[in-house]
Amino acid sequence: MAVVVVLLATALVIVIALLAAAVAAKLARMGGATYPAALTNAASTFAAVITLAAAITGALAAILS
């Protein structure tokens, strides 16, 4: 049961990170950025969301244990 919850939470975080990256790329393109610049912006946004999720998970694990 716990494995299923972990897998669902991981999938949810990845989907949210992908959506945030897509929005960042779209906003960059609407702002006049080139495709490589928009992709770089999307990649950094994706990495930031994944890093934030990992930091929050680590903090919660430290608090709850």
Other than [X], which residues form its hydrophobic cluster under the rule that side-chain heavy atoms must be closer than 4.5 Å?
X: Ile63; answer: none
X: Val6; answer: none
X: Ile16; answer: Leu12
X: Leu18; answer: Val13, Ile14, Phe46, Ile50

Side-chain donor-acceptor distances from residues 51-58 under 3.5 Å, at least two apart:
from: Thr51; atom 1: OG1; to: Ala47; atom 2: O; distance (Å): 2.7
from: Thr57; atom 1: OG1; to: Ala53; atom 2: O; distance (Å): 2.7

Solution key, residues 28-39 side-chain donor-acceptor pairs under 3.5 Å, sequence neighbours excluded:
from: Arg29; atom 1: NH1; to: Ala33; atom 2: O; distance (Å): 2.6
from: Thr34; atom 1: OG1; to: Ala37; atom 2: N; distance (Å): 3.4

